[in-house]
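Both ligands and their constituent atoms are indexed starting at 1 by order of listing.
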Amino acid sequence: MGTFVVNASNVATASDASLTNPAISSISPDGKKSFYLETFGCQMNAHDSEKVSGVLLGRGYRAVENPAQADLVLYNTCSIREKAAQKVFARLGDWKTVANGKIIGVLGCLAQQEGEEIFERAPWVSLVCGSASYRKLPELLAQLEAGGRRVTGLDLDTDETFETEITRRDNLIRAYITIIEGCDYSCSYCVVPHTRGPERSRASDAVLAEAQRLADAGYTEIQLLGQTVNSYRDPSTRKWRFVDLLRAVAAVQGIRRVRFTTSHPNDFNHEIVHAIDETPALCDHVHLPVQSGSDRVLRAMRRTYTREEYLQKIEWIRAAKRPISITSDIIVGFPGETEADFEDTLTLLDAVQYDTIFSFTYSPRPNTSAKDMPDAVPEEEKSKRLAALNERQRQIQIANNEKLVGATFEVLVDAHHAARGQWTGRSTSNRLINFTSTRENLLGEYVSVRVTRGGPNCIGGEHVL
Ligand code: 5AD
Ligand code: SF4
């Protein structure tokens, strides 16, 4: 897990309260039922939404940008922290008196976590489905279309993964492929094993076929996804490990960049570094969440590694032939975290020199073993530690990004800011680079950019023609 995205939108209001859910009936001018889907949370969710959209498009639905115009309004939700869950309930609350015959559905982690409770809190909702049950979505939709009032998909015992015939790709530059779903770890703070169920890997031939289809469609960058992507175990007779799949995806004709996220330190081995070293298409970036720099806290979090073992893996990465950027997730204020434990996290930042970190204050979650742990850290102290952590990391980024001035990176261009006269893209090390160019139409192109200025978060440069 790592980067979090929210596709923000305004929920428009209509008049006329309705607590009954007639079958989807308001057929739009083109004769198709319409849907609106908003996504909260991680890249896994963002990609699940692409697949859910694919299922809906395959059933003849049409996507709309405005929920007020949709027959079916879906929220693909996150429950990793309390705030994420609150945001979803606030969205649902917007429909309290104005659902107006629409079908409102809750998908994803909050759906799995709260289950039928959602109907209690928001009786105007008629679909609740967790990600481990998405294979059942067509069947659930058929029930709704036939006038079903409340349908649920909450089983976790599925040992299959979510395969779709069509996946609507929202990102035209980078394509995602889920290779493993669920999680078999039991980090004491984390809801994911409960919301996404046990680990299930996809067969390697299915993954490779999807990579080839993406390459044929013109994609050059692929990101392999999984909550613990490097725990991948091929269920087919080939019995590939993660590193085998990584090399094979990188060898697909037409693919120039392969990324993967999120790696669990426990399953991160030296062979992954060798593979990156030997395979130019494997991006020089590893997201390796440490969560804490204190052994005491790591034990309480049930992370399964010590600080020293983690630092050993960082050494392998630092010893690679080409520089590999390293990023992390960190939680501050875990129950019982002392000033000294927190100091250990700060010194770990100094030792590793991360390119960037995603930092969070600990949030107690239902169905986790840390929820009732004693010695909660007061909210005010958590916020203070978060600010201190971010300031330390900011200084590290300023110093390191400054050293990049004069270096040249290959950038895959993914945005243009006309007002600023700038282009934006990512280097293979996943650095965000803003740059100027005298050329036009650079979207989707690989260009050389010389860095002219460092900065804490993104660096600036100019196109080298
Ligand atoms: N409180 C705060 N942060 C959390 N994360 C996961 N669970 C919690 C929680 N209960 C963070 C971890 C994880 C990232 C995606 O979210 O750092 O790696
Ligand atoms: Fe959550 Fe830990 Fe699994 Fe990551 S490895 S999804 S933090 S339980």
List ligand 1 atoms under 4.0 Å from [X], heavy atoms only on the residue side.
X      : result
Asp329 : 13 (C), 14 (C), 15 (C), 17 (O), 18 (O)
Arg81  : 1 (N), 2 (C), 3 (N), 4 (C), 5 (N), 11 (C), 16 (O)
Tyr362 : 1 (N), 2 (C)
Arg365 : 10 (N)

Hey, which atoms in ligand 2 end up nearer than 4.0 Å to a heavy atom of [X]?
X      : value
Gln227 : 6 (S)
Tyr189 : 7 (S)
His264 : 5 (S)
Thr228 : 5 (S)
Pro193 : 8 (S)

Exercise for the section: Determine whether more than 12 heavy atoms belonging to other residues, nucleotides or ligands lie under 6.0 Å from atom CD of Glu278. Expected result: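 Result for CD/Glu278: enclosed.
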Exercise for the section: Give a yes or no on whether Arg238 atom CZ has more than 12 heavy-atom contacts from other residues, nucleotides or ligands under 6.0 Å away. Expected result: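 Count over threshold, so yes.
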Exercise for the section: Could you tell me whether the side chains of Arg302 and Ser369 share a donor-acceptor contact shorter than 3.5 Å? Expected result: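 Short answer, yes.
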Practice task
Answer with yes or no whether the side chains of Thr39 and Asn45 bring together a donor and an acceptor at under 3.5 Å.
Solution key: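 No, no side-chain donor-acceptor contact under 3.5 Å.
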Handout entry: Results of side-chain contact (heavy atoms from CB on, under 4.5 Å) for Glu381 - residues two or more places apart only
Key =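 Scan of Glu381 (side-chain contact (heavy atoms from CB on, under 4.5 Å), adjacent residues dropped) gives Glu339, Val377, Pro378, Lys384, Arg385.
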Practice task
Indicate yes or no: at least one non-hydrogen side-chain atom of Gln143 is less than 4.5 angstrom from one of Leu127.
Solution key: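 Gln143 vs Leu127: side chains apart.
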Handout entry: Sub-4.0 Å heavy-atom approach of Thr361 to ligand 1
Key =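 Within the 4.0 Å threshold, so yes.
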Problem - Cys183 contact mode with ligand 2 (heavy-atom cut-off under 4.0 Å) - result: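 Cys183 to ligand 2: side-chain contact only, backbone stays beyond 4.0 Å.
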Problem - Shortest non-hydrogen contact from Gln112 toward Gly153 - result: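 In terms of heavy atoms, the two residues are closest at OE1-O, 4.4 Å.
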Practice task
Kindly give the heavy-atom pair with the smallest separation between Leu412 and Glu221, and that separation in Å.
Solution key: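 The answer is CD2-OE1, 3.2 Å.
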Problem - Under 3.5 Å: N/O of Gln291 near N/O of ligand 1 - result: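 N/O-N/O distance below 3.5 Å exists for this pair.
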Problem - Short N or O distance, Tyr189 and ligand 1, threshold 3.5 Å exclusive - result: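 In this structure, Tyr189 places an N or O atom under 3.5 Å from an N or O of ligand 1.
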Exercise for the section: Report the part of Ile331 in contact with ligand 1, treating N, CA, C, O as backbone and CB onward as side chain, heavy atoms under 4.0 Å; options are side chain, backbone, both, neither. Expected result: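 For Ile331, the contact with ligand 1 is made by the side chain alone.
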Exercise for the section: Just go through Ser186, Cys42, Cys187 and tell me whose heavy atom is the nearest to atom 2 (Fe) of ligand 2. Expected result: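 Closest candidate by heavy-atom distance is Cys187.
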Exercise for the section: Have a look at Arg307 and tell me which of Thr345, Asp344, Asp295, Thr347 forms a side-chain hydrogen bond (donor to acceptor under 3.5 Å, both in side chains) with it. Expected result: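 Option passing the side-chain hydrogen bond (donor to acceptor under 3.5 Å, both in side chains) with Arg307: Thr347.
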Practice task
Using non-hydrogen atoms of the residue, decide whether Arg302 is closer than 4.0 angstrom to ligand 2.
Solution key: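 It does not, in that no heavy atom of Arg302 comes within the 4.0 Å cut-off of ligand 2.
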Practice task
Could you pull out all residues at least two apart from Arg256 that satisfy side chain to side chain donor-acceptor pair (under 3.5 Å)?
Solution key: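 Glu410.
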